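Written below as structure tokens is the structure these notes are about.
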Amino acid sequence: MEFDPSKIEAKWQQKWEEAKIFEIDLKKAKNPYYSLVMFPYPSGDKLHVGHWYNFAPADSAARFMRMKGNDVMTPMGFDAFGLPAENYAIKSGIHPDTSTRSNVQTMVKQLRRMGCMYDWSKMVNTSTPEYYRWTQWLFLQMYEHKLAYKKEAPVNFCPSCQTVLANEQAQDGTCERCGTTVIQKNLSQWFWKITDYAERLLQGLGDLDWPEKTKIMQQNWIGRKHGINIAYDVEGTKEKIVCFTTRPDTNFGATFVVLAPEHPFAMKVMDRQIVPNTGEDRSKHVRWYYEQSLKKTELERQEEGRKKTGEFTGFYAINQLTGYRMPVWVSDFVLGGFGTGAVVGVPGHDVRDFEFAQQFKIPVIRVVVASDGDASPIERIEQVQEEEGTMINSQFLDGLNIHEATKRIMSYMEDKGIGQIVTTYRIRDWLVSRQRYWGAPIPIVYDPDGKPHPVPEKHLPWLLPTDVAFKPTGKSPLTESKEFIERTEKLFGKGWTPEFDTMDTFVCSSYYYLRYLAEGDEKHLVDPTIEKRWMPVSTYIGGPEHACMHLIYARFVMMALKDFGFVSHEEPFKKLVHQGLITNKGAKMSKSKGNVVSPDSLVEWHGSDAFRMYLMFMGPFTEGGDWSDTGIKGIDRFVKRIHAMCTSNVNKKVDQPEVIAALHRTIKKVTEDIEGLRFNTAISALMELLNLLEQEGGVSSETAKTFTLLLAPLAPHLSEELWESLGGKDFVIRQKWPVFDPALIKTSTFVIAIQVNGKLRGEIEVDAGAPKEEVLAKAKAHPNVQKFLASRVKKEIYVAGKLVSLVV
RNA sequence: GCCGGAGUGGCGGAAUUGGUAGACGCGCACGACUCAAAAUCGUGUGCCGCAAGGCGUUGAGGGUUCGAUUCCCUCCUCCGGCACCA
């Protein structure tokens, strides 16, 4: 019988659609299983093989879960706001909405050809008003619950393009498009208080079935640190400078204090609000340094490397422990946003502090002796002692190791009221403002005094205006819209203005998994009873590049929504899996590199089933690899051989016991492998079984049917076709997954390997129940083994059913 | 620099509560079919050997063990993430 995948695939895709077998009734489902893949960006490049590499195995796993008796929901949608569409609009003049909608259409068409179980009735597109009204609603909720606030923050700005750049567009400190050096500009922007959730985000990781690597990355991103804020008096003033440190044990060796250039104390100095009563007035120097640091580009910062710059403020802070007069400096190696923005310098025991001290000739004191006993003065950078050691020159801490000393000094400082034990986090609040057109408008308006007010919910969706050109002007594109301003004045009054910024696209993707469950509900974000049953997502599959952005934001939003009372779960994704990355000639596929491999012609040529299986057979799903189609022939042959076996070679009434045993071993192996997402070995197990059937010269209808069931998640179209031709009822995807019989797997004899001194010297076949003595005797009798048993056998080891090891 | 992960034939890869390394597939070689080629099928494919058999072997070196791809130590290379975070 002639085999034509493209005909078969079109036929079954149509049948599935007509029977609506992938549309899930969320309310009626008995065993909800929510299988989710990270939704794609509807790029003009269309789907590439990387998408298939991600989606096809995810679909196979979902089909498997369905056959195991679950009500599986696998939605698909589009993360449609974002820069590429806007940049394309700037170039072509085509409105992003137009290009996005057409890209979505193309991609849906491509996706349909894959033959996945997507429930298209639940599709979302984040750039449509029906969707982004909920993005805006989320903003209002955050605002209402005081988790949204506005403050000045620097953005990347390209002076030549007159535009704000995302961090990714300003890599290496130059503009992606024109190569101009990017500068920092302060703008007033909206933030969401993810820092309020830092501890919960950290604690929640414990119970998640996520890759360890990803959990560690989130842990580091959140970056919890226990330390102490020490308040130092500034000599001759009433001021105190508070420094955060995790190493108060070394404080007897503190010889200076450094402030971030924008630290409030530095501001007071440059504004001459405080002036040292002795010595030189340094306010001009401090101001100059502050201005320089603002102007400094990312590029200059990187070129500077670790070389330290700074200015002395003219003030001294007093180290209470030693009475040491610590000069107070400003330097941009101290970050304003971490800890207190002020650092106490202990040059003997911190490399950065040492570099600074050396640069500005500040004394170095050793207070920790290294474990090798080295107590010499610290003069070179290699001698800086950050590791384990014993305290010296530290009065009551002397002799203690650094950990005990840390505890002791912390409680000492707290008792004396000079320090406060604190926990800080490295994670920053989420900057959600974007000075961009193609995003959801922030639903805020300003009264004539510039005070922000939320746009009332009844006005959502707060529509993105369309009367905007896309030429960069240095301002948010929405400022050009007459309609936007008129709309605001009409609704709120004369002199009122809208917020012109749009929201980060990560906001759109922070809750889309809930919106799939809403089925277009215009009244609620999601029906609470459905949310309760379907969340959290059973398996979430997507790239590891989202470990610290999307996957933290989504967790934060879910937690916040729970606190607001809209959802019942704390965590959105119970199980997370990262697919590997498919590269081409070693590089990530991208249009700019010109190495994008399109799946279309491959599907045309080999069929979706073969192409999917090839991608899965390439290697472990989580590892990815470099693209090459050299091996796809093997899968083509496999597919044809399956078809031949299950159509023209169904010629046996019953199969031999060895065939039955092999079949049941294969059921076991394929079941376990698909459960563990090890598709490559599941396919090779089916290949082995097929090889055996071919050796037998044919197969019974019973076994052929079981084979078809095992194939169903991996090659959905072919298996439907074979199921039908074998006389199976209904769709194969609606059948029960086969169960193996352990009794049938057992064999009556074992092949035992014989090792002498660890080297393989022979093999014997023994009965399954043979006692140890009998096996050993038989092993020693093996002629080739005898040759090596010249001297006495010192030790005999028998691993039941596996091997005999003899030591002479 | 710090935190992860990986290194196995010509290639993709398989095997780890320590137990016959190289499953499965690609490629290659030879053979069958063919006027021929493609496709298909068969045989072989770490090295030596006609064979029996022997030897070698999982990035490098060392250790534990009857036995190590698997566990421990030192080092090298590649990939991913973070990076002046106090």
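In what follows, chains carry the letters A, B, and so on, assigned in the order in which the sequence lines appear, proteins first and then strands, with residues in each chain numbered from 1. The figures that follow rest on heavy atoms only: side chains count, while hydrogens, waters and symmetry mates do not. Because the structure is predicted, anything quoted here is derived from the model rather than measured.
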Select base, sugar-phosphate, or nothing to describe what [X] touches, counting heavy atoms under 4.0 Å on all strands.
| X | value |
| --- | --- |
| A:K308 | base |
| A:Q755 | base |
| A:P544 | nothing |
| A:D626 | nothing |
| A:V258 | nothing |
| A:V751 | base |
| A:I216 | sugar-phosphate |
| A:R761 | sugar-phosphate |
| A:R224 | nothing |
| A:V807 | sugar-phosphate |

Looking at the side chain of A:K759, which of B:rC26, B:rC24, B:rG56 is the nearest nucleotide?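 Taking heavy atoms from C-beta onward, the closest nucleotide is B:rG56.
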Take atom CD of A:E545 and atom P of B:rC79, then tell me their distance rounded to the nearest Å.
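Going from A:E545 (CD) to B:rC79 (P), I get 18 Å.
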Do the ring centers of A:F256 and A:F356 come within less than 6.0 Å of each other?
->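 Yes, the ring centres sit under 6.0 Å apart.
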### Query
What residues form a ring-ring contact (aromatic ring centres under 6.0 Å, His included) with A:H606, not counting sequence neighbours?
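With neighbours one apart ignored, the set is empty.
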